[in-house]
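Below you'll find the structure, written out as structure tokens, and then a few comments.
Since the structure is predicted, the reported quantities are computational estimates derived from the model, not experimental observations. Labels below follow one simple rule: chain letters A, B, ... track the order of the sequence lines, proteins then strands, and each chain is numbered from 1.
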Amino acid sequence: MEINPITVEELNKYIKNKIDGDEFLNNVYVKGEISNFKLHYTGHMYFTLKDEKSLVKCIMFKSYTGYLNFMPKDGMKVCVLGSVSVFERDGVYQIYAKAIKQDGIGDLYEAYEKMKAKLENEGLFKDSHKKQIPMFPNTIGVLTSSTGAVIRDIINVSTRRNPNVHIRLLPVPVQGLGAEKEIIAGIQKMNDEHLADVLIIGRGGGSLEDLWPFNEESLARAIYESEIPIISAVGHETDFTIADFVADLRAPTPSAAAELAVPNISDVRYTISTYENRYKIALKRKVQLMKLRYEKCMTRRVFKEPLQNINEKYILVDNLVKKLSTDIIEKLNKAKIQLSKKATKIDTLSPMKLIARGYTITEVDGKIVKKSEELNIGDKIDLRYIDGIIKADVIEKISIKG
Amino acid sequence: MKEENINFEKAMQELEKIAEELESEDLDLDTSVKKFEQGMELSKKCNEILNNAEKKITILINGNEEKFDVNNEE
């Protein structure tokens with residue numbers, strides 16, 4: 001028995017006819033999540049509609065896209081109205097969408113938000129836990145695919161900034177189911193064997209499901225536990241993953257990660273040379289300051305005319321001596337005048353002067369008699385004259401009252 | 001490798017500290033000269049660390065480390 005084979009074209013045509021003839025498939029309303037969305041330059045939209053278990057290709061022609069009230073995006077949960085048909089050339093069936101309605105946010109996106117909130121509450125994103133990226137790392141550990149633009153960008157930027165840097169690549173898958181397990185193993189190997197001073201975990205951008213390994217809780221915890229500081233460079237600019245939040249530093253692109261990890265060596269050299277300049281200037285200033293202080297000191301009078309002070313003191317002493325001698329002379333003269341005054345007075349009071357004027361002094365045994373009552377009749381007395389003494393006897397006493 | 005790193009960062013901090021000390025008015029000339037010499041010595045060391053680093057691009061495969069040529073991986 002012989003079977004006549006049919007062509008592939010015939011098979012696809014047959015299936016297409018079958019499907020096109022199915023009334024149910026002519027008007028389907030399917031819910032799912034958009035991924036791999038592409039807006040072709042012709043204006044047609046191509047995307048995949050998926051749920052946790054399956055996916056189906058979709059196309060929306062330009063003639064319908066004008067009626068959309070939103071721009072479809074990866075991760076959006078939508079309901080698509082259209083017909084199912086077969087694209088004969090590729091042997092695939094797809095939904096030819098006529099209308100799309102937004103249906104809340106996608107499940108994956110929801111899971112992402114939930115995980116983000118959970119880990120944030122646990123404190124995994126806290127700044128206080130973030131480790132400082134070393135200023136001058138010798139070895140940069142890179143966890144990414146060994147092919148593609150990411151590693152090339154990192155090598156280019158790193159070696160441009162520091163030609164002497166050591167880049168140690170540990171190749172890991174960066175997408176697909178279970179990719180996070182190999183990334184975690186890589187982080188642990190780098191830590192256990194101290195293979196790097198800083199780690200870059202990177203991949204290019206992609207849809208939420210492409211980036212999904214970087215949203216896994218186990219990877220977030222491994223990044224948190226790593227003793228080596230980690231820079232995440234997952235996605236491009238606007239795609240944030242959980243890994244980005246928990247990493248010690250987030251770079252918008254792999255090139256930026258390399259810039260953050262590797263210091264520009266000429267900048268570092270320049271910084272060092274500015275210190276040398278600062279030292280030189282500071283020391284020069286110090287010396288100048290000392291010189292200035294010395295000069296200022298030397299302009300002061302004590303140094304300029306050291307004898308001046310002493311001379312001034314001499315004048316002072318001289319003046320004092322002068323004053324002292326005039327004072328003494330004055331005092332001496334005063335005393336002389338007083339003395340001569342007293343001598344004159346004493347002279348006038350001298351008994352000899354009285355005697356010269358005719359008075360006599362009565363004496364008994366050399367003692368002056370001042371009153372008549374001291375004498376008795378018969379006493380022998382001496383009467384002293386200016387020119388001699390007369391001896392006499394008392395013969396009578398006449399007292400005078402008063 | 002790790003230790004050299006810390007040294008470099010510490011050295012850079014020390015460079016800043018010395019600069020601040022030297023720029024302060026209080027430091028006498030003798031100490032200033034000493035600090036100046038210390039700072040110049042340290043900056044020389046930093047430059048040496050920079051110059052002595054070695055360029056290497058390596059790939060770890062199955063526990064072995066090999067030279068990595070990005071162009072051969074395409």
Next on the checklist: Under 4.5 Å from any heavy atom of chain B, what part of A:V287 do you find: side chain, backbone, both or neither?
Outcome noted: both
Checklist entry - Would A:N138 and B:F8 satisfy side chain to side chain contact (heavy atoms under 4.5 Å, CB included), going step by step from the backbone distance to the final call? => result CA-CA 10 Å; A:N138 278 322; B:F8 188 80; over 6 Å; no
Checklist outcome for this item: Applying a strict 4.5 Å limit to non-hydrogen atoms, the region of A:S158 in contact with chain B is neither
Item to check | Crowding at NZ, B:K45 (>12 non-hydrogen neighbours, <6.0 Å) | outcome: no
Checklist entry - Heavy-atom distance under 4.5 Å to chain B: side chain of A:T159, backbone, both or neither? => result side chain
Checklist entry - How long is the gap from CG on B:L50 to CZ on A:F136, to the nearest 0.5 Å? => result 4.5 Å
Checklist entry - Under the side chain to side chain contact (heavy atoms under 4.5 Å, CB included) criterion, do A:L169 and B:I57 qualify, and how do the steps go? => result CA-CA 8 Å; A:L169 169 66; B:I57 297 169; over 6 Å; no
Checklist outcome for this item: When rounded to the nearest 0.5 Å, the distance separating NZ of B:K44 from CD1 of A:I272 is 13.5 Å
Next on the checklist: If you count every heavy atom of other residues, nucleotides or ligands that lies below 6.0 Å from A:Q132 atom CD, does the total exceed 12?
Outcome noted: no
Item to check | Contact origin within A:L289 toward chain B - heavy atom pairs under 4.5 Å | outcome: side chain
Checklist outcome for this item: Value for NZ (A:K286) from CG (B:D30), rounded to nearest 0.5 Å, stands at 11.5 Å
Checklist entry - Would you find a donor on one side and an acceptor on the other, under 3.5 Å apart, between the side chain of A:K280 and the backbone of B:F36? => result no
Checklist entry - When you check the gap from the basic side-chain N to the acidic O, do A:R278 and B:E16 get nearer than 4.0 Å? => result yes
Item to check | Region of B:L27 in contact with chain A, defined by heavy-atom distances below 4.5 Å | outcome: both
Next on the checklist: For chain B, which candidate among A:R285, A:M290, A:R269 shows the most heavy-atom pairs at distances under 4.5 Å?
Outcome noted: A:R269
Item to check | Worked verdict on A:T271 versus B:M12 for side chain to side chain contact (heavy atoms under 4.5 Å, CB included) | outcome: CA-CA 9 Å; A:T271 307; B:M12 291 299 278; 3.9 Å; yes
Checklist entry - Which atom pair, heavy atoms only, marks the closest approach of A:I133 to B:E9? => result O-OE2, 4.1 Å
Item to check | Between OG1 on residue A:T139 and NZ on residue B:K56, distance to nearest 0.5 Å | outcome: 6.5 Å
Checklist entry - Checking B:E37 against chain A: side chain, backbone, both or neither under 4.5 Å from a heavy atom? => result neither
Next on the checklist: Check whether A:Y279 reaches the backbone of B:L15 with its side chain - one donor and one acceptor, N or O, closer than 3.5 Å.
Outcome noted: yes
